[in-house]
2 protein chains.
Amino acid sequence: MGKTEMICDCDIIHKDIVDSVRNKLIDEDVLLSMADFYKILSDSTRIKIINVLYEAELCVCDISVLLNMTKSAISHQLRNLREMNLVRARKQGKEVYYSLSDDHIRKVFDMTREHIEERANETEC
Amino acid sequence: MGKTEMICDCDIIHKDIVDSVRNKLIDEDVLLSMADFYKILSDSTRIKIINVLYEAELCVCDISVLLNMTKSAISHQLRNLREMNLVRARKQGKEVYYSLSDDHIRKVFDMTREHIEERANETEC
DNA sequence: TTGACAATTGAACAGCTATTCAACTATACT
DNA sequence: AGTATAGTTGAATAGCTGTTCAATTGTCAA
């Protein structure tokens with residue numbers, strides 16, 4: 001019964017609990033998308049870009065100065081953020097201005113920030 | 001004035017905007033902690049572990065069966081999750097039972113899930 | 001048209017990380 | 001004590017990813 005191939009070599013599996021949990025699991029595609037969503041925010045350069053765009057619409061040049069990184073490095077990461085629909089681009093003359101694509105990312109950002117700063121206070125003791 | 005070393009080679013920097021943004025930026029340590037927080041959730045195996053522990057306290061064996069992965073792989077990732085205080089371990093006899101360490105991770109998980117599923121609906125058209 | 005510059009792109013490289021494998025620890029049972 | 005099993009650990013490997021560098025595109029101005 002169950003999987004044809006069992007990688008695990010255990011005897012003590014709590015069959016009833018395992019079966020119960022299995023029925024409640026989230027669809028794997030959704031889980032993978034969630035992981036991808038977190039992944040895009042898990043890089044220090046990208047989170048810094050989100051942070052500066054949180055405050056204003058900026059061109060690649062401005063972001064480069066604020067982060068003290070090359071335009072190339074910034075441009076590569078902006079591409080990733082754009083592909084995940086976290087930022088949008090607006091071209092005006094030679095420059096391209098970037099901004100956060102919607103308010104959802106702001107909420108996620110705020111929430112995580114609060115979480116981190118709470119944790120920082122907790123560990124003070 | 002400004003940084004001693006300028007990596008960026010731009011001329012058109014919007015000095016007023018850049019200065020204004022710079023004053024509002026979040027402390028770098030907090031940003032790095034936020035990135036680390038996202039990083040721990042950005043792996044498919046870890047997010048699956050969170051998902052199963054969301055439903056019940058489980059031993060390593062149970063998790064291995066549910067994810068169809070070796071105990072070693074699961075154990076390595078549980079270690080990462082433990083170090084980030086996302087899960088806690090309770091030893092009972094030979095087995096070690098894992099559970100989510102608090103409700104905060106549940107809220108973050110729920111929120112992201114909603115976000116992903118909304119996005120999935122939007123892109124249906 | 002020519003020159004200058006903002007921005008993008010692709011290839012290469014270096015650093016990181018998840019899984020595998022084997023060895024090991026700890027606990028329970030006989 | 002001896003055996004079996006749950007779980008952990010460290011080293012090695014393979015795959016992924018962020019930055020750099022050089023080349024290129026697109027736009028503006030003379």
Side-chain angles (χ1 to χ4, degrees), chain A residues 5-14 17-18 31-32 35-36 38-50 57-84 87-99, chain B residues 5-14 17-18 32 35-36 38-50 53 57-84 87-99:
Chain A
E5 297 246 27
M6 269 307 174
I7 287 179
C8 182
D9 54 343
C10 310
D11 293 337
I12 57 100
I13 301 157
H14 306 80
I17 297 181
V18 165
L31 286 174
L32 295 182
D36 286 341
Y38 289 128
K39 188 170 293 173
I40 197 70
L41 296 171
S42 71
D43 175 72
S44 61
T45 299
R46 289 193 292 266
I47 199 88
K48 286 177 187 172
I49 292 176
I50 299 287
E57 183 189 58
L58 297 167
C59 68
V60 178
C61 230
D62 293 339
I63 302 175
S64 294
V65 171
L66 282 164
L67 269 60
N68 200 35
M69 293 177 65
T70 64
K71 278 184 294 183
S72 178
I74 299 297
S75 185
H76 276 296
Q77 295 301 353
L78 282 170
R79 184 172 199 265
N80 290 327
L81 291 167
R82 217 175 10 184
E83 283 176 349
M84 288 293 285
V87 305
R88 77 179 58 192
R90 175 176 70 84
K91 185 157 192 172
Q92 180 178 340
K94 275 188 297 187
E95 295 103 51
V96 177
Y97 291 89
Y98 282 88
S99 58
Chain B
E5 297 245 31
M6 271 303 174
I7 287 179
C8 181
D9 54 344
C10 311
D11 293 336
I12 57 100
I13 300 156
H14 306 80
I17 297 180
V18 165
L32 295 181
D36 285 342
Y38 289 128
K39 189 170 293 174
I40 196 71
L41 297 170
S42 71
D43 175 73
S44 61
T45 299
R46 288 193 292 268
I47 201 86
K48 287 176 187 173
I49 292 176
I50 300 288
L53 294 183
E57 183 188 59
L58 297 167
C59 68
V60 179
C61 231
D62 293 338
I63 302 176
S64 294
V65 171
L66 281 164
L67 270 61
N68 201 35
M69 293 177 65
T70 65
K71 278 185 295 182
S72 178
I74 299 297
S75 185
H76 277 294
Q77 295 300 352
L78 283 170
R79 186 171 196 265
N80 290 328
L81 291 167
R82 218 175 10 184
E83 283 175 351
M84 287 293 285
V87 305
R88 75 179 59 189
R90 174 176 71 84
K91 185 156 191 173
Q92 182 178 339
K94 274 189 296 185
E95 295 105 51
V96 178
Y97 291 89
Y98 283 87
S99 57

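Proteins come first, then strands; the chains are lettered A, B, ... in the order of their sequence lines, and each starts at number 1. Since this is a predicted model, take the numbers as computed values, not measurements.
In this structure A/S72 satisfies the side chain to side chain contact (heavy atoms under 4.5 Å, CB included) test together with A/T70, A/H76, sequence neighbours excluded. Scanning for ring pair (Phe, Tyr, Trp, His ring centres under 6.0 Å) contacts around B/Y98 gives an empty result, with sequence neighbours left out. Judged as a side chain to side chain contact (heavy atoms under 4.5 Å, CB included), and not counting sequence neighbours, the contacts of B/N80 are B/I40, B/R46, B/Q77, B/E83. Applying the salt bridge (Lys or Arg N to Asp or Glu O under 4.0 Å) rule to A/K48 yields the partners B/E28; only residues at least two apart in sequence or on another chain are considered. For A/R82, the salt bridge (Lys or Arg N to Asp or Glu O under 4.0 Å) test picks out no residue, with sequence neighbours left out. Scored by the side chain to side chain contact (heavy atoms under 4.5 Å, CB included) test, B/V18 finds A/D62, A/V65, A/L66, B/I13, B/R22 as partners (sequence neighbours excluded). Under the side chain to side chain contact (heavy atoms under 4.5 Å, CB included) criterion, A/S99 pairs with A/E57, A/R88, sequence neighbours left out.
No side-chain heavy atom of B/E95 sits less than 4.5 Å from a side-chain heavy atom of B/C61.
Going from atom CG of B/N68 over to atom P of C/dT19 covers 13 Å, rounded to whole Å. Atom pair A/L58:CG and C/dA7:P shows a separation of 11 Å (rounding to whole Å applied). As rounded to whole Å, 8 Å separates atom C1' of C/dA18 from atom CE of B/M69. Atom pair B/E95:CD and D/dG7:C1' shows a separation of 10 Å (rounding to whole Å applied). Between A/H14 atom NE2 and D/dA6 atom P there is a gap of 11 Å when expressed in whole angstrom units. Atom-to-atom, CG of B/L67 to P of C/dT19 comes out at 10 Å; the value is rounded to the nearest Å. Rounded to whole angstrom, the span from the CD atom of A/E83 across to the P atom of D/dG18 amounts to 12 Å. Per the geometry, CG belonging to B/N80 stands 13 Å off P belonging to D/dG10, to the nearest Å.
Contacts between residues 39-50 of chain A and DNA chain C, defined by a heavy-atom separation under 4.0 Å, are absent.
Taking each heavy atom of B/D43 and A/A35 in turn, the nearest pair found is C-CB, 4.2 Å. Closest heavy-atom contact between A/S42 and B/S42: OG-OG, 4.3 Å. Heavy-atom minimum distance, B/V87 versus B/L78: CG2-O, 4.1 Å.
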- Where protein sits on nucleotides 24-30 of chain D, one letter per nucleotide: B base, S sugar-phosphate only, - none, heavy atoms under 4.0 Å: --BBS--
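B/Y97 comes within contact range of no nucleotide atom at all, as no heavy-atom separation falls under 4.0 Å.
For C/dA6, neither phosphate oxygen OP1 nor OP2 lies less than 4.0 angstrom from any side-chain nitrogen or oxygen of A/Y98.
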If you restrict it to nitrogen or oxygen atoms, what contacts under 3.5 Å exist between nucleotides 9-11 of chain C and the protein, and what is each distance?
| residue | atom | partner | partner atom | Å |
| --- | --- | --- | --- | --- |
| C/dT9 | OP2 | A/R79 | NE | 3.4 |
| C/dT9 | O4 | A/S72 | OG | 2.8 |
| C/dG10 | O6 | A/H76 | NE2 | 2.8 |

